[in-house]
A.B. asks: 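Submitted below is the structure of interest, expressed as structure tokens.
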Amino acid sequence: MTRSRNLLVIMSDEHQPQAMGCAGSFVKTPNLDALAARGVRFSNAYTPSPICVPARAAFASGRYVHDIRLWDNAMPYTGKPRGWGHALQDQKTRVESIGKLHYRAAEDPAGFDVEHIPMQVAGGHGMVWGSIRREDERVVKDGRMLGDYIGPGESNYTRYDTSVVERTEEWLAAAAEDQRPWCLYVGLVAPHFPLIVPQDYLDLYPTDSLPPLKLHPRDGYVHHPWVAKQDTALAGDIAMKDEAERQMARACYYALCTWMDNNVGRIVAALQAQGLLEDTTIIYTSDHGDNVGARGLWGKSNMYEESVAVPLIVAEPGAKPSVCATPVSLLDVSETIVSHFGATLEGDRPGRSLYDIASEPEDPNRVVFSEYHAVGAVSACYMLRKGGWKLIHYHGFEPELFDLASDPEETENRAADPGCKQILDDLYAELKAICDPAAMNDLAFADQDALIEGYGGRDVAMNMGAPAATPPPQTT
């Protein structure tokens, strides 16, 4: 199939894949549903790391986090190793960005000809305090990660996303006058917390209409020990004032998904208004998901489906709607961008073009991998998906094993089931073919120790970086 002339990549932040109408959810996303109706929705897509900065660095480079050694939110992408943007620049394809990148600084050669109103890590160094991870040393911030206020209104994030959409509309109007093929990356922040959303959207989700909370500890659910240790450092559900605020937080998240969907709709409408829609492929995805109260957890940073899975839609002009169940990741999106323009990029990378994956018979046994070495984690955590089975390996702790085919909600850990020993052994063999889990755990700590020492030690590092959500840039 001949590829379209242009490519638009839209990446939101913290959007769990279940929160889309086209995925069977009660969440209202008519514009994403419309994209899925004219392309391929990948129903088993994952992030290479369930936290912003490493996920985005891996996506930029097309490589695993342990390969590029950008482990956490204090190790942003600087343009090394070279990634898909550089591959496009090498062949003089126009490539620009608008909105959130979460790289180090606009001055870095990160693979864009122009970065419009980029949101980068705070201070060029990011969340250094989160690099202090050993249980007896780590920093627990006052307040909660989600912010002080949850409810209706506007936040610096909703205002920033509005500016990003307006700049995108302006960019597309100018692009209509330019005959060069282009790749445009648009980074939206919603539905990332703070959980503040315009009232009109919140009204769509009365708290008494929401489905029950999944596997909440108050109903007897017991956290895995690694997750329990991490949760004490992130102050999520335990910091909720009462049940009413907990339900308001859920409503705000789903409302932010719809608010974000409206922004996607504005961008697609601008494409159409400028006569570009029929010559532009649109890829929509997110950097990771959000737990949204499941298991009493909020934000991301673990390997349960709500956190580690991502939405992924590829809408090509003239394509028929379909769903592809082959497991994929954001590293495959990287390869798709390179492939779309017939570009080349040096180095070995695990991803494949989504165009190729979608055109082939589904491959449920394709291996997908994710890893976490960041804030709150007392040791490394790894996820490996193969077939219907999913392994979560916690360094120094017992693993979790889920049969997603029969237990998609991950309610029963089968790791100790004697009948699953061969499956567990096979998944561990696949994991060790990708990396040495213990060695990568040690390497991450060593790199983080060096980072902390470079800033002057723990007493200095513990006060470096935004306490929660990264502040956006001024756009006026």
Side-chain angles (χ1 to χ4, degrees), residues 1-11 39-49 54-68 70 77 79-91 93 95 97 101 103 110-112 181-187 280-288 308-316 319 322 324-363 365-371 384-386 433-435:
M1 180 177 179
T2 302
R3 299 274 82 90
S4 65
R5 182 179 179 83
N6 308 311
L7 180 61
L8 171 64
V9 181
I10 303 174
M11 178 178 281
V40 184
R41 180 173 67 86
F42 292 85
S43 57
N44 294 304
Y46 294 88
T47 179
S49 185
R56 291 164 180 272
F59 167 64
S61 61
R63 302 186 183 203
Y64 291 132
V65 169
H66 66 264
D67 183 11
I68 59 178
L70 299 177
Y77 186 62
K80 295 181 180 179
R82 284 161 44 88
W84 56 262
H86 302 99
L88 271 54
Q89 288 181 317
D90 287 347
Q91 62 176 30
T93 296
V95 53
S97 74
L101 291 170
Y103 298 169
F112 295 108
W182 49 260
C183 176
L184 178 65
Y185 168 90
V186 178
T280 303
T281 295
I282 303 170
I283 298 177
Y284 170 76
T285 190
S286 195
D287 56 350
H288 48 71
V308 74
V310 297
L312 179 55
I313 298 168
V314 178
E316 289 190 89
S322 64
C324 179
T326 299
V328 296
S329 88
L330 294 182
L331 303 186
D332 299 312
V333 180
S334 304
E335 293 304 310
T336 306
I337 299 170
V338 175
S339 170
H340 183 93
F341 293 98
T344 57
L345 181 62
E346 68 277 5
D348 293 328
R349 298 176 307 282
R352 293 186 64 217
S353 168
L354 294 170
Y355 298 133
D356 293 339
I357 292 172
S359 68
E360 298 167 354
E362 288 187 353
D363 180 9
N365 289 318
R366 185 171 190 250
V367 171
V368 171
F369 168 83
S370 186
E371 59 193 301
L384 189 130
R385 165 82 187 263
K386 181 181 180 182
I434 293 173
C435 72

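This structure is a prediction, so every number in the text was calculated from the model and none was measured.
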A.B. asks: Sequence neighbours left out, what passes salt bridge (Lys or Arg N to Asp or Glu O under 4.0 Å) with R352? Give chain and number order.
C.D. replies: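 In terms of salt bridge (Lys or Arg N to Asp or Glu O under 4.0 Å), with neighbours along the sequence ignored, R352 is linked to E360.
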A.B. asks: Taking ring-ring contact (aromatic ring centres under 6.0 Å, His included) as the definition, give me every residue that meets it alongside Y77, ordered by chain and number, with sequence neighbours left out.
C.D. replies: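 In terms of ring-ring contact (aromatic ring centres under 6.0 Å, His included), with neighbours along the sequence ignored, Y77 is linked to Y103.
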A.B. asks: Determine, for Y355 and R3, whether the Lys NZ or Arg CZ falls below 6.0 Å from the six-membered ring centre while staying within 45 degrees of the axis.
C.D. replies: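 Relative to the ring axis of Y355, which defines the angle, R3 lies inside both limits.
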A.B. asks: Partners of D67 by side-chain hydrogen bond (donor to acceptor under 3.5 Å, both in side chains), sequence neighbours excluded?
C.D. replies: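 side-chain hydrogen bond (donor to acceptor under 3.5 Å, both in side chains) list for D67, sorted by chain: empty.
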A.B. asks: Could you tell me the separation between the CD1 atom of I283 and the CD1 atom of I313, rounded to the nearest 0.5 Å?
C.D. replies: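 Atom-to-atom, I283:CD1 and I313:CD1 are 11.0 Å apart.
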A.B. asks: Once you round to the nearest 0.5 Å, how far does CZ of F112 lie from SG of C183?
C.D. replies: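 The CZ atom of F112 sits 7.5 Å away from the SG atom of C183.
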A.B. asks: Sequence neighbours left out, what passes salt bridge (Lys or Arg N to Asp or Glu O under 4.0 Å) with R56? Give chain and number order.
C.D. replies: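 For R56 the salt bridge (Lys or Arg N to Asp or Glu O under 4.0 Å) partners, ignoring immediate neighbours, are D13, D287.
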A.B. asks: If I take atom CZ from residue F341 and atom CG from residue N6, how far apart are they, to the nearest 0.5 angstrom?
C.D. replies: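 That separation rounds to 6.5 Å.
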A.B. asks: Under the side-chain contact (heavy atoms from CB on, under 4.5 Å) rule, collect the residues that match up with P48, sequence neighbours excluded.
C.D. replies: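 Per chain and number, P48 pairs via side-chain contact (heavy atoms from CB on, under 4.5 Å) with A58, L330, L331.
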A.B. asks: Does the side chain of I434 reach to within under 4.5 Å of the side chain of V367, using non-hydrogen atoms?
C.D. replies: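 A side-chain contact exists here, since the closest heavy-atom pair is under 4.5 Å.
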A.B. asks: Would you confirm whether T281, through its side chain, and L7, through its main-chain N or O, come within 3.5 Å as a donor-acceptor pair?
C.D. replies: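 Answer holds: no.
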A.B. asks: Would you compute the distance between atom OH of Y64 and atom OG of S370 and round it to the nearest 0.5 angstrom?
C.D. replies: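 Atom-to-atom, Y64:OH and S370:OG are 10.0 Å apart.
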A.B. asks: What heavy-atom pair brings L88 and A343 nearest, and what distance separates the two atoms?
C.D. replies: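 Heavy atoms of L88 and A343 come nearest at CD1-CB, 4.2 Å.
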A.B. asks: Do V333 and L312 have side chains that approach each other closer than 4.5 Å (heavy atoms only, starting at C-beta)?
C.D. replies: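 Yes, their side chains come closer than 4.5 Å.
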A.B. asks: Does any part of the side chain of C435, heavy atoms only, come nearer than 4.5 Å to the side chain of F369, both counted from C-beta?
C.D. replies: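 Yes. Closest side-chain heavy atoms under 4.5 Å.
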A.B. asks: Using side-chain contact (heavy atoms from CB on, under 4.5 Å) as the criterion, list what pairs up with D90, not counting sequence neighbours.
C.D. replies: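 D90 satisfies side-chain contact (heavy atoms from CB on, under 4.5 Å) with R82 once adjacent residues are dropped.
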A.B. asks: For residues T93 and V95, determine if any side-chain heavy atom of one lies less than 4.5 Å from a side-chain heavy atom of the other.
C.D. replies: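 Not in contact.
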A.B. asks: Check salt bridge (Lys or Arg N to Asp or Glu O under 4.0 Å) between D356 and all other residues, then give those that pass, not counting sequence neighbours.
C.D. replies: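 Per chain and number, D356 pairs via salt bridge (Lys or Arg N to Asp or Glu O under 4.0 Å) with no residue.
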A.B. asks: Do L70 and P54 touch side chain to side chain, with heavy atoms closer than 4.5 Å?
C.D. replies: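 In short, these two side chains do not touch, never coming nearer than 4.5 Å.
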A.B. asks: For A57, is there any backbone N or O sitting under 3.5 Å from a side-chain donor or acceptor partner on S61?
C.D. replies: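 Indeed, once roles are kept as given, a pair shorter than 3.5 Å links the two residues.
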A.B. asks: Run the side-chain hydrogen bond (donor to acceptor under 3.5 Å, both in side chains) test against S286 and tell me which residues pass, sequence neighbours left out.
C.D. replies: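 Testing S286 for side-chain hydrogen bond (donor to acceptor under 3.5 Å, both in side chains), a comparison that skips the adjacent residues, returns S12.
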A.B. asks: Donor-acceptor pair, D332 side chain versus L354 backbone, under 3.5 Å?
C.D. replies: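 It does not hold such a pair.
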A.B. asks: Measure the CZ-CD distance between R349 and E335 for me, rounded to the nearest 0.5 Å.
C.D. replies: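 R349 CZ to E335 CD: 4.0 Å, rounded to 0.5 Å.
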A.B. asks: Of all residues at least two apart in sequence or in a different chain, which pass the side-chain hydrogen bond (donor to acceptor under 3.5 Å, both in side chains) check with S353?
C.D. replies: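 By the side-chain hydrogen bond (donor to acceptor under 3.5 Å, both in side chains) rule, S353 matches no residue at all.
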A.B. asks: Suppose we screen for side-chain hydrogen bond (donor to acceptor under 3.5 Å, both in side chains). Which residues come up paired with S43, at least two apart in sequence or across chains?
C.D. replies: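 side-chain hydrogen bond (donor to acceptor under 3.5 Å, both in side chains) list for S43, sorted by chain: empty.
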A.B. asks: If you compare all heavy atoms of P81 against all heavy atoms of R63, which two are closest, and at what distance to 0.1 Å?
C.D. replies: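 In terms of heavy atoms, the two residues are closest at CG-CD, 4.0 Å.
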A.B. asks: So, using side-chain contact (heavy atoms from CB on, under 4.5 Å) as the criterion, who are the partners of S334 when residues are at least two apart?
C.D. replies: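 For S334, the residues satisfying side-chain contact (heavy atoms from CB on, under 4.5 Å) (neighbours in sequence not counted) are F59, W84.
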A.B. asks: Sequence neighbours excluded, which residues qualify as side-chain contact (heavy atoms from CB on, under 4.5 Å) partners of T326?
C.D. replies: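 For T326 the side-chain contact (heavy atoms from CB on, under 4.5 Å) partners, ignoring immediate neighbours, are C324, I357, E362, D363, R366.
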A.B. asks: Go through it in stages, so that I can follow the logic: the residues are L184 and T280, the test is side chain to side chain contact (heavy atoms under 4.5 Å, CB included), and I'd like the CA-CA distance, side-chain angles, deciding distance and then a yes or no.
C.D. replies: CA-CA 10 Å; L184 178 65; T280 303; over 6 Å; no
A.B. asks: CD/E316 to NE2/H340 distance, rounded to the nearest 0.5 angstrom?
C.D. replies: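 It is 7.5 Å, given to the nearest 0.5 Å.
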